[in-house]
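Take a look at the structure below.
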Amino acid sequence: MSSLPLDAPMKPLDPHAIAGDSQAILEFLAEYYRDVDKYPVRAADLEPGRVRKLLPEAAPEHGEPMEHILEDVRRDILPGLTHWQSPRFFAFFPMNASSAGLAGEMLSVGLNVVPFVWAASPAAAELESVVVDWMARLFGLPRRFLFSSGGGGVLQGSTCEAVVCTLAAARDRALGRLGGHEAIARLVVYASDQTHATFQKGARLVGIPPSNFHVIRTSAASGYGLTAEAVRAAVDHDVGLGLVPLYLCATVGTTGLGAVDHVRELGEEALRHGMWMHLDAAYAGSAAICPEFQDYLDGAELADSYLKNVGADDDGAGKAPAAIDYKDWQISMTRRFRAIKLWVILRRYGAAGMRAHIRRHVAAAKWFEQRVAADERFEVVVPRRFSLVCFRLAPRSGLDDDGDDDATNHVNRDLLAAVNASGRAFMTHFVVDGKFVIRLAVGGASTELQHVMEVWDLLQGKAAEVLQHYVKPNGL
């Protein structure tokens with residue numbers, strides 16, 4: 001196949017080209033997933049600007065065969081990637097792919113409809129209302145979150161967009177009660193010191209003064225979960241100053257530690273002051289498809305909105321409309337046909353398949369936590385609830401005896417750096433109460449127990465190497 005001749009008309013949707021190019025890409029991806037475990041999980045020793053040096057300064061004048069493009073991807077792009085789909089990726093929270101997700105994405109992009117209003121693609125808009133109700137039922141959410149009961153949900157483009165929408169809805173409701181926009185300077189948003197920074201960004205975007213975003217401290221005593229007592233003290237103080245409580249974020253599965261807030265107690269506190277309570281379960285909400293984890297959502301009926309990383313649900317205010325214009329449920333006017341992707345995934349794997357997948361990851365994380373707890377060189381910093389294990393190396397070399405937290409933190413920084421530099425695993429860290437904590441987030445689509453066992457062996461070996469540099473003369 002050669003470049004397109006100058007006089008050849010461009011046919012972007014030529015059926016033969018679609019079939020040929022798609023087949024080439026599918027074969028490329030199948031090869032990539034067969035070999036992904038062979039790549040260093042994280043690209044190492046790369047400097048910014050590498051790709052710019054490899055690629056031409058201008059776009060090509062004439063089209064090129066897909067085979068040439070994919071070869072450039074293999075040569076120039078893959079070596080510079082962090083391989084999020086590697087089974088040894090334990091950083092952040094894994095961004096899972098699947099064959100069903102790929103198929104659904106192909107349908108979404110291939111059909112390429114824009115269901116921003118119902119009339120623009122009725123079936124797309126209606127399919128979205130169906131699948132978000134499916135998800136709400138899988139999570140065991142109260143009926144008030146369902147379209148069929150006057151609630152409803154939307155598949156947002158990102159968590160950040162969903163957060164901004166909930167904050168804007170809360171703001172507008174409060175300003176309507178207070179009689180005008182000038183009252184915005186009195187509105188206060190409450191979150192814990194474990195709440196994701198997205199909420200601070202979102203509050204600023206909807207006009208809440210930065211000084212009115214009040215962060216409430218948590219402690220190890222509550223498992224770093226936000227308590228009603230702490231919220232009550234903060235709110236009562238602010239009300240005494242003439243401020244208006246607007247929005248309270250409760251989290252099930254915080255990003256740093258996987259902590260769980262006391263949802264029901266926080267919901268009752270929010271009701272006391274007419275606050276909007278948002279339930280953020282962007283990470284751990286997926287576990288709620290397993291009945292044994294649904295107790296963590298106890299009190300969800302008191303929430304005004306609920307966020308899980310497939311979309312956002314709102315408790316609604318009455319009868320659901322027969323025709324939904326989703327442009328009014330999001331920031332942007334246009335939108336993609338996301339619902340068909342989720343629909344394909346749900347149908348392809350079923351609830352039972354997804355429950356089994358989550359349980360395997362939770363079991364692997366439990367296995368890892370037990371190994372950490374049994375090794376006297378390590379400690380589990382917070383009890384595991386889902387598939388995130390937070391731990392650190394606490395060398396018994398006199399460092400801790402001297403109260404030298406900085407020295408212990410240096411040890412753990414070196415350990416994490418050594419593991420990541422090996423290319424055999426990738427993890428990230430968090431800092432809580434001045435402690436540098438290593439996070440192992442099990443959740444990759446291809447991650448099995450054997451990969452968790454391998455990373456434990458890797459950690460033990462690197463720990464021995466690192467500790468050699470910190471051992472005092474009196475030994476461990």
Side-chain angles (χ1 to χ4, degrees), residues 96 98 100-101 104-105 107-108 111 113-166 168-169 252-253 276-290 293-294 297 300-301 303-351 353-355 358:
N96 283 341
S98 67
E105 190 73 28
L107 283 170
S108 174
L111 296 173
V113 300
V114 186
F116 69 109
V117 294
W118 178 85
S121 273
E126 293 177 14
L127 181 61
E128 184 155 345
S129 68
V130 170
V131 295
V132 294
D133 270 8
W134 283 7
M135 294 303 298
R137 288 190 175 95
L138 284 174
F139 295 145
L141 291 178
R143 290 193 58 82
R144 66 192 295 243
F145 282 92
L146 303 177
F147 274 109
S148 57
S149 300
V154 54
L155 300 177
Q156 298 280 3
S158 68
T159 299
C160 296
E161 293 173 53
V163 166
V164 169
C165 288
T166 64
V252 174
W276 181 292
M277 188 178 82
H278 174 71
L279 179 50
D280 176 18
Y283 157 57
S286 58
I289 70 171
C290 303
F293 294 111
Q294 290 183 357
L297 299 181
E301 72 275 8
D304 295 278
S305 53
Y306 172 86
L307 172 64
K308 168 66 194 83
N309 266 358
V310 293
D313 288 278
D314 196 313
D315 74 339
K319 186 177 180 180
I324 302 168
D325 291 340
Y326 272 114
K327 68 178 178 61
D328 300 323
W329 293 53
Q330 61 183 34
I331 296 172
S332 64
M333 180 69 70
T334 188
R335 66 197 324 268
R336 299 178 59 225
F337 189 10
R338 299 185 184 93
I340 197 168
K341 179 177 181 179
L342 180 56
W343 187 58
V344 170
I345 292 171
L346 292 171
R347 293 193 60 188
R348 186 69 180 85
Y349 300 128
M354 292 188 293
R355 290 190 189 104
I358 288 172

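Computed from a prediction, not measured in an experiment: that's the story for all the values here.
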Of all the heavy-atom pairs spanning [X] and [Y], show the shortest one and how long it is.
| X | Y | value |
| --- | --- | --- |
| Q330 | C165 | CA-SG, 3.7 Å |
| D133 | L146 | OD1-CA, 3.4 Å |
| S148 | R137 | OG-NH2, 3.7 Å |
| I358 | S286 | CD1-O, 3.1 Å |
| E126 | W118 | OE2-NE1, 2.7 Å |
| A284 | G253 | CB-CA, 3.8 Å |

Whether F139 and Y306 hold their rings parallel, tilted or perpendicular, with breakpoints at 30° and 60°: tilted
Aromatic plane relationship, F147 with W329 - under 30° parallel, 30 to 60° tilted, over 60° perpendicular: tilted
With F337 via ring pair (Phe, Tyr, Trp, His ring centres under 6.0 Å) - residues at least two apart: none
Residue pairs passing the salt bridge (charged side-chain N to carboxylate O under 4.0 Å, His left out) test where at least one lies in residues 323-337, sequence neighbours excluded: E105-R336, E128-R335
Mind checking whether [X] and [Y] have side chains closer than 4.5 Å, heavy atoms only?
| X | Y | result |
| --- | --- | --- |
| Q156 | V163 | no |
| V154 | V132 | no |
| W343 | S108 | no |
| M354 | S98 | no |

[Y] backbone acceptor or donor facing [X] side chain under 3.5 Å:
| X | Y | answer |
| --- | --- | --- |
| D304 | M277 | yes |
| R355 | I289 | yes |
| S121 | A123 | no |
| R348 | A100 | no |

Short side-chain donor-acceptor distance under 3.5 Å, W276 and S305: yes
Full working for side-chain contact (heavy atoms from CB on, under 4.5 Å) between M135 and L342: CA-CA 10 Å; M135 294 303 298; L342 180 56; 3.9 Å; yes
Reported CG-to-CD1 distance for the pair N96 and I345, which is rounded to 0.5 angstrom: 10.0 Å
